[in-house]
Amino acid sequence: MTKQEIRILSLVKARIKPDAVVYDIGAGTGSLSVEAARLAPQGEVYAIERNPSGIKLIRANAANFGVNNIKAIQAEAPEGLANLPAADAVLIGGTGSKLAEIMETITPKLKPEGRIVLNCITIQTLMQCIDYMRSHSDEYIYEAIQVQVTRLQQVGTYDMAKANNPIYIVTCWKK
């Protein structure tokens, strides 16, 4: 599950409007899908996840949080994206090592000034994204930030810092 602080930053970067069409690719448990659906009550969120247990969790989380505008699609991207409507925002949490193919599929589907927010936990995924953006600079502008969240954990009478893995958040917007 995407940690709360990363969800907050990712959603702010996505600039989701109330009537937005959002793709959540590599949706996992649907934590970002649910939050996106809450930001777009008149819109639609398409949660694409290849893992059947993830699809069950997405549906359970949508029901638990009372959102009915999430469509959970069991597919491995980019195949599950073919018949979706044009997107205002795309959240990418997992690529299955197919980032370039996913980008090639969503680029014509992303509306002008639409946003892609990619959460990268590996340097390789970060560099693939940056390389793609640089080679498509006629279509996209991007920025990248690195986020490190550290929580305090009580150990006896002391509070110790426990660091989470750093995450790179790449925000891309279509010209």
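Numbering of residues begins at 1 and proceeds along the displayed sequence. Keep in mind that the numbers below use all heavy atoms, side chains included, and drop hydrogens, waters and symmetry copies.
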Original post:
Are the side chains of Glu44 and Pro85 in touch, meaning some heavy atoms are under 4.5 Å apart?
Top reply: no
Subject >> Atom NZ of Lys3: over 12 foreign heavy atoms under 6.0 Å >> reply: no
**OP:** State whether a side-chain donor-acceptor pair under 3.5 Å links Tyr168 with Thr125.
**Re:** no
Original post:
According to a 4.5 Å side-chain heavy-atom criterion applied to Ile, Leu, Val, Met, Phe, Trp and Tyr, with indirect links allowed, do Met127 and Tyr132 form part of one hydrophobic cluster?
Top reply: yes
Original post:
Hey, are the side chains of Ile116 and Met103 touching, using non-hydrogen atoms and a 4.5 Å cut-off?
Top reply: yes
Original post:
Is the count of non-hydrogen atoms from other residues, nucleotides or ligands lying under 6.0 Å from Glu113 atom CD greater than 12?
Top reply: no
Subject >> Student check: side-chain heavy atoms of Pro112 and Lys174 closer than 4.5 Å >> reply: no
**OP:** Determine the minimum heavy-atom distance between Cys172 and Cys129, stating which atoms define it.
**Re:** SG-SG, 4.3 Å
Original post:
Is any side-chain heavy atom of Ile92 less than 4.5 Å from a side-chain heavy atom of Ile106?
Top reply: yes
Original post:
Nearest 0.5 Å, what's the CD1-CG distance between Ile16 and Asp88?
Top reply: 9.5 Å
**OP:** Kindly determine whether Glu5 and Arg151 satisfy salt bridge (charged side-chain N to carboxylate O under 4.0 Å, His left out), including the steps that lead there.
**Re:** CA-CA 11 Å; Glu5 296 83 0; Arg151 298 177 190 274; 2.9 Å; yes
Original post:
So do Lys175 and Tyr140 actually touch side chain to side chain, heavy atoms under 4.5 Å?
Top reply: no
**OP:** State the CD-CD1 distance between Glu49 and Ile55, to the nearest 0.5 angstrom.
**Re:** 6.0 Å
Original post:
Can you name the nearest heavy-atom pair linking Arg50 to Gly96, along with the distance?
Top reply: NH1-CA, 3.9 Å
Subject >> Among Val34, Ile73, Ile70, side chain to side chain contact (heavy atoms under 4.5 Å, CB included) partner for Ile58 >> reply: Ile70
Original post:
Within a strict 4.5 Å, meaning less than it, do heavy atoms of the Leu99 and Leu118 side chains meet?
Top reply: yes
Subject >> Heavy-atom pair with the smallest gap, counting every atom of Thr171 and Arg115 >> reply: CG2-NH1, 3.3 Å
Original post:
In terms of hydrophobic clusters joined by side-chain contacts under 4.5 Å, are Val117 and Tyr46 together?
Top reply: no
Original post:
Considering all heavy atoms of both residues, which atom of Gln154 and which atom of Gly156 are nearest to each other, and what is their separation?
Top reply: NE2-O, 3.2 Å
Original post:
Is it true that atom NZ of Lys162 has more than 12 heavy atoms of other residues, nucleotides or ligands lying nearer than 6.0 Å?
Top reply: no
Subject >> Ile169 reachable from Ile123 in the ILVMFWY side-chain graph, under 4.5 Å edges >> reply: no
Original post:
Are Lys98 and Glu104 side-chain neighbours, meaning at least one heavy-atom pair lies under 4.5 Å?
Top reply: no
Original post:
If every non-hydrogen atom of Val90 is compared with every non-hydrogen atom of Ala87, which pair is closest and at what distance?
Top reply: CG2-CB, 4.0 Å
Original post:
To the nearest 0.5 Å, how far apart are CG in Leu81 and CD in Glu76?
Top reply: 11.0 Å
**OP:** Say whether Val67 and Leu11 are linked into one hydrophobic cluster, either directly or through other cluster members, by side-chain heavy-atom distances under 4.5 angstrom.
**Re:** yes
Subject >> Reported CD1-to-OG distance for the pair Ile48 and Ser33, which is rounded to 0.5 angstrom >> reply: 8.0 Å
Subject >> Within 6.0 angstrom of Ile121 CD1, more than 12 heavy atoms from elsewhere >> reply: no
Subject >> Partners meeting salt bridge (charged side-chain N to carboxylate O under 4.0 Å, His left out) with Arg15 (sequence neighbours left out) >> reply: none
Subject >> Over all atoms of both residues, closest heavy-atom pair of Leu91 and Ala14 >> reply: CD2-CB, 3.9 Å
Subject >> Euclidean distance, Thr29 OG1 relative to Asn51 CG, rounded to 0.5 Å >> reply: 11.0 Å
Subject >> Straight-line distance of Glu35 CD to Ser10 OG, nearest 0.5 Å >> reply: 11.0 Å
**OP:** Take Asn119 and Thr2, measure what side chain to side chain donor-acceptor pair (under 3.5 Å) needs, and give me the verdict at the end.
**Re:** CA-CA 9 Å; Asn119 291 328; Thr2 305; 5.0 Å; no
Subject >> Met133 reachable from Leu126 in the ILVMFWY side-chain graph, under 4.5 Å edges >> reply: yes
Original post:
Taking C-beta and beyond as the side chain, do Ile102 and Tyr23 meet within less than 4.5 Å on heavy atoms?
Top reply: no
Subject >> Check: Asn64 side chain, Ala60 main-chain N or O, donor-acceptor pair, under 3.5 Å >> reply: no
